[in-house]
Amino acid sequence: MLVLLPATMFHLLLVVRSGPARLLGPPTYLPGLEELWSPQALLLLFIWLGLQVALYLLPARKVAEGLELKDKSRLRYPINGFQALVLTALLVGLGVSAGLPLGALSEMLLPLAFATTLTSFIFSLLLYVKALAAPVSALAPGGNSGNSIYDFFLGRELNPRLGSFDFKYFCELRPGLIGWVFINLALLIQEAELRGSPSLAMWLVNAFQLLYVGDALWYEESVLTTMDIIHDGFGFMLAFGDLAWVPFTYSLQAQFLLYHPQPLGLPMALLICLIKVIGYYIFRGANSQKNTFRKNPSDPSVAGLETIPTATGRQLLVSGWWGMVRHPNYLGDLIMALAWSLPCGVSHLLPYFYVLYFTALLVHREARDEQQCLRKYGHAWQEYCKRVPYRIIPYVY
Ligand code: NDP
């Protein structure tokens, strides 16, 4: 995985700009080191990371507490991700109006991805070394096998921090996710410069993915109960995933549209918007219902839902969204993924990479979550599985 993940990312970055744009074929050429290595790209990356750190440290509208840790303590997290997105947009907007050539970013993606990959490796190495001095209670359940390569990949320490600065929480939703939005915007501007105006397909991809990132940052607090924060250590998997994989592969549709413009009629665009709205409705409805229920089961919006009691004192929802399938939020997310790819037409498989990869990721993630829930809730979980037999897609899976 240490080699395969970066190799896949570079493969995508190379094939997307080639004429045939074949997902499964080899790239038409391999870049030399002089095309990959650029001190300007590294500098730009550090300026970007520095800016996001500074925005993270600004006063937050709220400071939230995470779930209880092994030593019974709780960590505190600033909730100011949406504010960071808005302030970044203002700063970039000011820069563009002062002549900053944002569109040129689209030509720096290869060296930027290279600089980010190198940085992720070095960062993960530092995290690994830092974790050697961490107390046992601070280690993640999965990243302490004793095999150093495995532990380097999965992450040894659960919540590595410097003072109150939480590395994993910072990387999870800030530099990569916000960077993705601005890479998309750069591709839109570049398309306008090349062809006179951005295409309808490019507008849709930008708008859909901006909504996704805006939503993740608006509901930032809910990341505190995800597997990434409460279960997974912070190692190469999350550092590379958050910092490099997300911005450079999730922007694949916009990259594809820059190099391979696609005609898109209004009726088809409206149909794709409808698919996106349905996906978002399920995704947001399911995530909010569970978050509200976990925070306050007697909230009027969830108090009437049917539940199964568990030996832990917690309950499991068995009606509403969570009575339809066992992971309705994944279903909504997958429908949205399809809506991001459809504007790219059906002539190439490449822009559907995200749908294929994301299906594999969510099926694997769902299986991991089921194992944990079975361990946590035992008989009550088995009862839930009996009552709600489908995992992600009703009557199919
Ligand atoms: P979920 O939000 O699906 O949380 C799973 C947890 O929910 C379980 O461990 C359990 O925890 C609780 N739960 C499960 N079933 C029930 C039930 N019936 N009633 C009440 N609680 C229940 O986990 P994820 O972190 O995987 O996903 C969060 C969101 O992030 C999803 O929408 C997903 O699609 C998205 N995502 C996006 C990614 C991307 O790259 N775009 C990557 C990964 C995720 P407990 O009981 O302890 O509360």
Side-chain angles (χ1 to χ4, degrees), residues 5 66-68 171-173 176-177 180 208-209 211-213 215-217 219-232 237-238 240-252 279-297 302 305-338 340 353-355 357-378 380-392:
L5 288 175
L67 296 185
E68 194 176 88
C171 289
E172 193 77 5
L173 295 182
L177 218 60
W180 168 24
F208 292 168
Q209 298 184 350
L211 172 68
Y212 192 72
V213 172
D215 176 273
L217 292 167
Y219 295 99
E220 187 178 22
E221 198 173 337
S222 55
V223 82
L224 298 179
T225 54
T226 60
M227 237 189 284
D228 295 12
I229 296 288
I230 58 181
H231 186 265
D232 295 339
M237 179 177 80
L238 284 180
F240 174 78
D242 292 341
L243 298 177
W245 181 266
V246 166
F248 298 107
T249 67
Y250 285 24
S251 59
L252 194 68
Y280 182 72
Y281 180 68
I282 299 175
F283 166 86
R284 181 55 23 235
N287 278 323
S288 292
Q289 192 168 69
K290 177 168 67 74
N291 291 339
T292 308
F293 182 71
R294 278 285 172 253
K295 261 200 228 154
N296 176 16
V302 291
L305 294 173
E306 208 183 328
T307 57
I308 298 179
T310 76
T312 64
R314 287 182 143 201
Q315 294 174 317
L316 290 168
L317 288 167
V318 74
S319 67
W321 289 114
W322 297 80
M324 183 173 80
V325 283
R326 299 205 292 271
H327 262 101
N329 48 353
Y330 290 1
L331 175 66
D333 223 337
L334 283 171
I335 296 174
M336 287 196 288
L338 181 67
W340 300 354
F353 169 78
Y354 179 72
V355 183
Y357 140 82
F358 201 44
T359 304
L361 180 135
L362 290 183
V363 165
H364 180 248
R365 198 174 168 93
E366 195 272 341
R368 282 206 300 154
D369 190 48
E370 291 257 325
Q371 273 175 7
Q372 281 173 37
C373 287
L374 184 61
R375 228 176 290 134
K376 232 180 330 186
Y377 300 126
W381 186 257
Q382 286 169 330
E383 168 70 15
Y384 177 51
C385 294
K386 232 187 273 162
R387 298 268 304 266
V388 185
Y390 292 99
R391 293 165 188 264
I392 300 179

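Reckoned from all heavy atoms, side chains included, excluding hydrogens, waters and symmetry mates. Since we're looking at a predicted model, the values are computed, not measured. Whatever order the structure lists ligands and atoms in, that order sets their numbers, starting from 1.
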Under 4.0 Å from a heavy atom of [X]: give me the atoms of ligand 1 that qualify, with their elements.
| X | result |
| --- | --- |
| D333 | 32 (O), 33 (C), 34 (O), 35 (C), 36 (N), 37 (C) |
| C373 | 8 (C), 9 (O), 10 (C) |
| N329 | 1 (P), 2 (O), 3 (O), 31 (C), 32 (O), 34 (O) |
| L317 | 17 (C), 18 (N), 19 (N), 20 (C) |
| Y354 | 41 (N) |
| Y212 | 37 (C), 39 (C), 41 (N) |
| Y384 | 18 (N) |
| Y330 | 23 (O), 24 (P), 26 (O), 27 (O), 31 (C), 33 (C), 34 (O) |

Using heavy-atom distances only, which candidate in [options] approaches [atom] most closely?
| atom | options | answer |
| --- | --- | --- |
| atom 46 (O) of ligand 1 | F358, Y377, Y250 | Y377 |
| atom 42 (C) of ligand 1 | L361, L305, D369 | L361 |
| atom 24 (P) of ligand 1 | R314, M227, H327, R365 | R365 |
| atom 47 (O) of ligand 1 | Q289, Q371, K376, K290 | K376 |

Check whether [X] reaches the backbone of [Y] with its side chain - one donor and one acceptor, N or O, closer than 3.5 Å.
| X | Y | answer |
| --- | --- | --- |
| N287 | F283 | yes |
| R326 | I392 | no |
| T310 | R314 | yes |

Indicate whether atom 26 (O) of ligand 1 is within a distance of less than 4.0 angstrom of some protein heavy atom. yes

Please report the C-alpha distance between R375 and W381 in whole Å, then the side-chain angles of each, then the deciding distance to 0.1 Å, and finally whether the side chain to side chain contact (heavy atoms under 4.5 Å, CB included) criterion is met. CA-CA 9 Å; R375 228 176 290 134; W381 186 257; over 6 Å; no

In terms of side-chain geometry, is the basic nitrogen of R365 or D228 positioned less than 4.0 Å from the acidic oxygen of its partner? yes

Answer side chain, backbone, both or neither: which part of N287 comes under 4.0 Å from ligand 1, heavy atoms only. side chain

Using a 4.0 Å heavy-atom threshold (strictly under), name the region of W245 that reaches ligand 1: side chain, backbone, both or neither. neither

Kindly indicate whether the side chain of M336, heavy atoms from C-beta on, has any atom under 4.5 Å from the side chain of L211. no

Should W245 and L5 count as side-chain neighbours, where that means a heavy-atom distance under 4.5 Å? yes

What residue and atom, counting heavy atoms only, is the protein's closest point to atom 48 (O) of ligand 1, and at what distance? R294 NE, 2.6 Å

Is it the case that ligand 1 has an N or O less than 3.5 angstrom from some N or O of Q315? no

Partners passing side chain to side chain contact (heavy atoms under 4.5 Å, CB included) against A286 (at least two apart in sequence or in another chain): W321, W322, P328, N329

Is a donor from one side chain sitting under 3.5 angstrom from an acceptor on the other, for Y219 and N291? no

For a quick check under 3.5 Å, do R284 and S288 share a side-chain donor-acceptor pair by atom type? yes

Ring pair (Phe, Tyr, Trp, His ring centres under 6.0 Å), paired with Y250, selected from F358, Y212, Y354: Y354

